[in-house]
Amino acid sequence: MADEIVLLSTWPSMFSMRVRVALAEKGLKYEYREEDLQNKSPLLLKMNPVQKKIPVLIHNGKPICESMIIVEYIDEVWNHKSPLLPTDPYKRAEARFWADYVDKKLFDIGKKIIWSTKGEEQETGKKEFIECLKLLEGELRDNPYFGGENYGFVDVSLVTFSCWFHTYESYGNFSIETECPKLIAWTKRCLEKESVSSSLADPHKIHDFASGMRKRLGIE
């Protein structure tokens, strides 16, 4: 009996894109269901009654929530190809640490750049965002990927932010490539992978989406 896999998602979400990348890495077929977060579906509310958030992966009727928990689940269940977490326990712990750092830092700092109405807060956000990226760039070192020679868990956690880079740069008035050239080279390397390029949203569509949201919020 074939696995039944359903992904509840919204297209601009970098968190949902992580799941799509992981599924593509494993070569898995699944049903994609776009959610309207202003009018959440009964299925989403049933499958994630605690947080009522996307993404949710439904595997044979059972829900898994939180993007990197889902990615790890995918890696463990479909371990026949493209391992995302290393086998060494210490390296696994390291990968989880940096993925957690991306989760706890990058998104919230980035919000200050795009959604803030105060110039001072936006400038602070920009400074913190660049510092965060520089720290990640230092962890990358001269390796092709965060996992060394192999694309892995930390790469999945961070690469989906790259389709938002244009929007961060536009509203923050800075260049990530100027500040973090190695990180942009890494992004381009990741985008050469079909699993990544086919799963990430178009950066210009992301910018249009953010612009529309800013107008609705009265920021523009």
Side-chain angles (χ1 to χ4, degrees), residues 13-26 66-76 79 81-114 123-170 172-201 203 206:
S13 167
M14 64 275 283
F15 303 107
S16 293
M17 288 181 230
R18 290 169 167 176
V19 181
R20 298 184 70 175
V21 170
L23 289 167
E25 275 288 300
K26 300 293 184 176
E66 290 292 318
S67 64
M68 292 314 293
I69 292 174
I70 297 171
V71 170
E72 188 163 356
Y73 177 85
I74 290 168
D75 196 40
E76 289 181 357
N79 56 11
K81 65 176 289 189
S82 303
L84 298 172
L85 276 163
T87 54
D88 179 75
Y90 180 74
K91 289 182 178 178
R92 287 169 75 90
E94 264 194 325
R96 290 190 183 107
F97 172 86
W98 284 109
D100 185 63
Y101 177 83
V102 171
D103 265 356
K104 290 179 177 174
K105 288 283 188 178
L106 212 56
F107 180 71
D108 285 338
I109 294 171
K111 285 195 295 187
K112 295 179 186 177
I113 299 172
I114 300 175
E123 281 299 310
T124 300
K126 180 172 74 172
K127 183 172 178 286
E128 290 174 351
F129 192 78
I130 292 169
E131 287 174 356
C132 184
L133 291 182
K134 283 183 179 293
L135 184 62
L136 288 163
E137 187 179 56
E139 176 60 21
L140 179 63
R141 303 183 184 94
D142 292 319
N143 296 315
Y145 301 108
F146 281 92
E149 294 298 318
N150 300 313
Y151 181 82
F153 196 69
V154 182
D155 302 289
V156 174
S157 76
L158 180 59
V159 74
T160 57
F161 280 82
S162 67
C163 60
W164 280 81
F165 282 176
H166 170 59
T167 303
Y168 292 131
E169 291 173 324
S170 174
N173 192 28
F174 67 105
S175 166
I176 294 173
E177 187 160 24
T178 299
E179 299 287 348
C180 303
K182 287 184 181 179
L183 199 65
I184 293 302
W186 163 84
T187 299
K188 292 175 180 176
R189 192 176 305 117
C190 290
L191 284 167
E192 291 173 3
K193 294 176 67 65
E194 174 67 20
S195 61
V196 177
S197 61
S198 64
S199 302
L200 267 57
I206 291 288

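Because the structure is predicted, anything quoted here is derived from the model rather than measured.
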Using modelled atom types only, decide if a donor and an acceptor are shared between the side chain of [X] and the backbone of [Y] within a distance under 3.5 Å.
X: S162; Y: L158; result: no
X: S157; Y: V154; result: yes
X: S199; Y: S195; result: yes
X: S16; Y: S13; result: no

Q. Where do E177 and K188 land on the side-chain contact (heavy atoms from CB on, under 4.5 Å) test, with the steps shown first?
A. CA-CA 11 Å; E177 187 160 24; K188 292 175 180 176; 3.5 Å; yes
Between the side chains of [Y] and [X], is the shortest nitrogen-to-carboxylate-oxygen separation below 4.0 Å, so that they form an ion pair?
X: K104; Y: D100; answer: yes
X: K105; Y: E128; answer: no
X: K134; Y: E137; answer: no

What I'd like to find out is whether the side chain of [X] reaches to under 4.5 Å of the side chain of [Y], using heavy atoms alone.
X: I74; Y: K26; answer: yes
X: R18; Y: F161; answer: yes
X: E194; Y: S197; answer: yes
X: L200; Y: V21; answer: yes
X: F174; Y: I130; answer: yes
X: D108; Y: K111; answer: yes
X: V102; Y: F107; answer: no
X: L133; Y: E179; answer: no

Nearest 0.5 Å, please: how far is [atom2] in [Y] from [atom1] in [X]?
X: T167; Y: I113; atom1: OG1; atom2: CD1; result: 10.5 Å
X: C190; Y: F146; atom1: SG; atom2: CZ; result: 8.5 Å
X: C163; Y: M17; atom1: SG; atom2: CE; result: 3.5 Å
X: T124; Y: K112; atom1: OG1; atom2: NZ; result: 6.5 Å
X: R20; Y: S67; atom1: CZ; atom2: OG; result: 14.0 Å
X: T160; Y: L106; atom1: OG1; atom2: CG; result: 9.5 Å

Q) Should Y145 and R189 be marked as a side-chain contact (heavy atoms from CB on, under 4.5 Å) after you check the CA-CA gap, both sets of side-chain angles, and the distance that decides it? A) CA-CA 9 Å; Y145 301 108; R189 192 176 305 117; 3.9 Å; yes
Q: Answer with yes or no after comparing the ring centroid distance for W98 and Y101 against a 6.0 Å cut-off, counting only values under it.
A: yes
Q. Passes side-chain contact (heavy atoms from CB on, under 4.5 Å), H166 versus I206? Steps please.
A. CA-CA 8 Å; H166 170 59; I206 291 288; over 6 Å; no
Q: Tell me, with the steps shown, if E72 and R96 meet salt bridge (charged side-chain N to carboxylate O under 4.0 Å, His left out).
A: CA-CA 10 Å; E72 188 163 356; R96 290 190 183 107; 2.6 Å; yes
Q: Decide yes or no on salt bridge (charged side-chain N to carboxylate O under 4.0 Å, His left out) for E139 and R141, but give the supporting numbers first.
A: CA-CA 5 Å; E139 176 60 21; R141 303 183 184 94; 3.8 Å; yes
Q: Give the minimum heavy-atom separation between M68 and A99, together with the two atoms involved.
A: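 Between these two residues, the closest heavy atoms are CE-CB, 4.2 Å.
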Q: Kindly give the heavy-atom pair with the smallest separation between S82 and E25, and that separation in Å.
A: OG-O, 3.1 Å
Distance-only donor-acceptor hits, side chain of residues 84-92, under 3.5 Å, sequence neighbours excluded:
unit_1 : atom_1 : unit_2 : atom_2 : d
D88    : OD2    : Y90    : N      : 3.1
D88    : OD2    : K91    : N      : 3.0
R92    : NH1    : P86    : O      : 3.1

Q: Report the C-alpha separation of K127 and E131 in whole Å, then their side-chain angles, then the decisive distance to 0.1 Å, and conclude whether the salt bridge (charged side-chain N to carboxylate O under 4.0 Å, His left out) test is met.
A: CA-CA 6 Å; K127 183 172 178 286; E131 287 174 356; 3.0 Å; yes
Q: Please determine if K193 forms a cation-pi arrangement with Y151, meaning its NZ or CZ atom is less than 6.0 Å from the six-membered ring centre and no more than 45° off the ring axis.
A: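 Judged by the rule (NZ or CZ under 6.0 Å from the ring centre, within 45° of its axis), K193 counts as positioned above Y151.
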Q.
Under the criterion side-chain hydrogen bond (donor to acceptor under 3.5 Å, both in side chains), I'd like the reasoning laid out for W186 against D155: C-alpha separation, chi angles, the key distance, then a yes or no.
A. CA-CA 9 Å; W186 163 84; D155 302 289; 2.8 Å; yes
